[in-house]
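Values in this document were obtained by computation on a predicted structure and should not be read as measured data. Naming: A, B, ... by sequence-line order, numbering from 1 per chain.
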Amino acid sequence: MAKIQARILRGFRDYLPADMIPRRAMFSKVEDVFRIHGFAPLLTPALEYSECLLGKYGDEGDKLLYRFEDNGGRDIALRYDLTVPLARMVAMNGGLTLPFKRYQIAPVWRAEKPGRGRFREFFQCDADIIGAAGPDAEVEILSVGVGILKALHVGGFTISMNHRGVFDGLLAGIGVEDPEKKAEVIRTLDKLDKIGQDRVMEILASEVGLPASSLERIAEFLSLEDGDLDAAKTFFDGDEVAIAALDSMASTLSLAQEMGIGDHLEVRLSIARGLDYYTGLIYETTLTALPDIGSVMSGGRYDGLMSMFGAPAHAAVGISLGVDRLYAALLELEEIERKESPTEVLVTVFDEESRTAAFQFTHALRAAGVAAEVHLGNTKKFGKQFRYADKKQIPYVAILGPDERAEGKVRIRTLADGSEQLLSNAEAIQTLASTSS
RNA sequence: GUGGGUGUAGCUCAGUUGGUUUAGAGCGCCAGUUUGUGGUACUGGAGGUCGCGGGUUCGAUUCCCGUCACCCACCCCA
């Protein structure tokens, strides 16, 4: 048989056990937070009809779809995100009780050029509330975000929020109405933190071509104190759209404050978010300890997306976790660690005569809920069994040799410090069951 | 998509100013020192079409061209 070179598609990757174990632990904590906030899990197909995805992400996005013809000649594509399939599902299920709260953790595919931290297949983790307008839903979403970061023990963090209405007002005020141009200006403003105000003004002047009077107005806007909503209201005096946006943020902030999650929130009028479909609140999150990795959690309100499928317009607000960034951050902070095996106890097989006892003890451990594995393979080299446990970071080794069996006991060795305890089987199982969670 | 850089063992990298004969190191892996005990130490071993294709040459892992992959920056995002 011809040998085939083992290889993997560019931008795709295997998640090996050493990463999957801590990764799943992280997801499990996240799911707990979704659950206690009343979000239900949803699963949608990897493949969708192309027409359901096309035209939702802009021209650039359409080009990045993985698009095929299936064996039946249907024009299909791999999902590009989780939000559009959610909208499709909501449009197809008119009987859903609103507000509808769902979360979904699943891979999405984009035919982009891969780079550092950028893949063609990656996971998104979204929670959204469909069918609830106003600050209440916003506060619930922010509460989820705060809850997750607390559950993950990331340390300090700041959720910076803004409102698209602020930009709508600002840009209408200086006569920028063309959606294309609006998006361009907003994308440029979004780079403020990265490249600084001078460079932003430069780009707006030369590349976007804004007149001097507009630039002046934007410079004045950028010099507003973040978080000073009163000053912002004065600046936008008479601009109904912007004032409504500022008021909406103020009530979100005050409800969040009273709920007890306000400490992590701040208003930052410069943040913009790249996606065009946001219509209200927008926010992103940076970790105090690792600001350089960028936003680990972001989202906003996107009323209107549902109506693209001909369904009634539904209010919608959501949150999206940057799970790969969060995972990297947790490793960096040593809040989680890579681990090759879930096994808590390796039960060694001392010799042929000990095999039955080893298997029986292993079975009893499993019945008590302890992750246990019995050594597989030849028993000639007893030391190799310990080496195996050590390499797989298995914390405990059980020994049932002739000496132990003669006493009706089992020896439990803790590999971390080399200490050993001689216990009855029942005692050993009880001890191990209580130390392994 | 544009520009720059790098491809030698599972990983991180030396090296060959073109030359026969065994292309090396550290880590990792396997085995032994140690037939009731891993992590340390010592000893030995396996593992390489020098990314792939073509060209120049008496001779290419080394030089040239192409190609693919990876890295960095820009763009865009998660």
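- For A:K381, no side-chain nitrogen or oxygen approaches OP1 or OP2 of B:rG38 to under 4.0 Å.
- Stacking annotation: A:F350 is not stacked on the base of B:rG36 (requires ring centroids less than 5.5 angstrom apart and an interplanar angle below 30 degrees).
- One interatomic measurement links the two molecules: CG of A:L82 to P of B:rA78, which rounds to 12 Å at whole-angstrom precision.
- Using a distance-only test at 3.5 Å, with no hydrogens or angles considered, no donor-acceptor pair links the side chain of A:R102 to the main chain of A:I129.
- With C1' as the reference atom, B:rC29 and B:rC75 are 43 Å apart, rounded to whole Å.
- Straight-line distance from the CD atom of A:Q124 to the P atom of B:rC77: 13 Å, rounded to whole Å.
- Among the atoms of the strands shown, base atoms are found under 4.0 Å from some heavy atom of A:I399.
- Between A:R268 and A:E266 there is a salt bridge, since at least one side-chain N of the basic residue sits less than 4.0 Å from a carboxylate O of the acidic one.
- The shortest distance between the side-chain N/O atoms of A:R387 and the OP1/OP2 oxygens of B:rG39 is below 4.0 Å.
- Going from atom NZ of A:K384 over to atom P of B:rC30 covers 7 Å, rounded to whole Å.
- Between the P atoms of B:rC65 and B:rG4, the separation comes to 13 Å (whole Å).
- Residue A:G294 is classed as having no contact, given no heavy-atom separation below 4.0 Å to the nucleic acid.
- With contacts defined as side-chain heavy-atom distances shorter than 4.5 Å, the pair A:E353/A:R405 qualifies.
- For A:D390, whose side chain is taken as the heavy atoms from C-beta onward, the closest listed nucleotide among B:rG39, B:rA69, B:rA78 is B:rG39.
- Distance check on atom C1': B:rA23 versus B:rU61 gives 8 Å, rounded to whole Å.
- Across all strands shown, A:F119 has heavy atoms under 4.0 Å from base atoms, whether or not it also approaches the sugar-phosphate.
- As a whole-Å value, the separation of A:R325 CZ from B:rA78 P is 9 Å.
- Taking atom CZ on A:R13 and atom P on B:rC70, their separation rounds to 14 Å, with Å as the unit.
- A donor-acceptor pair under 3.5 Å is absent between the side-chain atoms of A:D303 and the main chain of A:G280, judged by distance alone.
- Between B:rU62 and B:rU56, the two C1' atoms lie 14 Å apart (nearest whole Å).
- At a cut-off of 3.5 angstrom, counting only N and O atoms as typed in the model, there is no donor on one side facing an acceptor on the other between the side-chain of A:Q385 and the base of B:rU37.
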- prompt: In dot-bracket form, how is RNA chain B paired, counting a Watson-Crick or G-U wobble pair only if both its distances are under 3.5 Å and using | for bases paired to another strand?
  reply: (((((((..((((.....[....)))).(((((.......))))).....(((((..]....))))))))))))....
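- At whole-Å resolution of the value, CD1 in A:I8 and C1' in B:rC70 are 14 Å apart.
- The pair A:R23-A:D324 counts as a salt bridge, with a side-chain nitrogen and a carboxylate oxygen less than 4.0 angstrom apart.
- Projected onto RNA chain B by closest heavy-atom contact, A:V296 and A:L400 fall at different nucleotides, the more 5' of which corresponds to A:L400.
- Nucleic acid contact for A:Q393: none, since no nucleic acid atom lies under 4.0 Å from a heavy atom of the residue.
- Following rounding to the nearest Å, A:R411 (CZ) and B:rG38 (C1') show an atom-to-atom distance of 16 Å.
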Quick test: give all pairs of protein nitrogen or oxygen and nucleotides 72-75 of chain B nitrogen or oxygen below 3.5 Å, distance rounded to 0.1 Å.
unit_1, atom_1, unit_2, atom_2, d
B:rC72, OP1, A:R116, NE, 3.3

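- Checking B:rC77, B:rU37, B:rG36 against the side-chain heavy atoms of A:P402 singles out B:rG36 as nearest.
- Residues A:V30 and A:C125 are in side-chain contact: their nearest non-hydrogen atoms beyond the backbone lie under 4.5 Å apart.
- Looking at A:E420 and A:R411, a side-chain N of the basic residue comes within less than 4.0 Å of a carboxylate O on the acidic one, giving a salt bridge.
- Comparing B:rG59 with B:rC68, their P atoms are spaced 29 Å from each other, to the whole Å.
- Taking atom P on both nucleotides, B:rG48 is separated from B:rA25 by 15 Å, rounded to a whole Å.
- Between A:R164 and A:I186, some side-chain heavy-atom pair lies under the 4.5 Å cut-off.
- Going from the P atom of B:rC52 to that of B:rA9 covers 10 Å, rounded to whole Å.
- A salt bridge links A:E202 and A:R199; the closest N-O separation between the charged side-chain nitrogens and carboxylate oxygens is under 4.0 Å.
- Nucleic acid contact class of A:E112 (heavy atoms, under 4.0 Å, all strands): base.
- Using a 4.0 Å heavy-atom cutoff across all strands shown, A:D403 reaches at least one base atom of the nucleic acid.
- Between B:rU12 and B:rG7, the distance separating the two C1' atoms is 14 Å to the nearest Å.
- Salt bridge A:D19/A:R24: absent, no basic N to carboxylate O contact under 4.0 Å.
- Listed pair A:K63 / B:rG1 fails the phosphate criterion, with no side-chain N or O lying under 4.0 Å from OP1 or OP2.
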Identify all side-chain donor-acceptor contacts of residues 130-151 of chain A below 3.5 Å with residues at least two apart in sequence or on another chain.
unit_1, atom_1, unit_2, atom_2, d
A:E138, OE1, A:R301, NH2, 3.1
A:E138, OE2, A:R301, NE, 3.1
A:S143, OG, A:H37, NE2, 2.8

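- With respect to the salt-bridge test (charged N to carboxylate O, under 4.0 angstrom), the residues A:R118 and A:E112 qualify.
- With rounding to whole Å, A:L422 atom CG is found 17 Å from B:rU37 atom P.
- When the side-chain nitrogen and oxygen atoms of A:K391 are compared with OP1 and OP2 of B:rC29, one or more of them lie within a distance under 4.0 Å.
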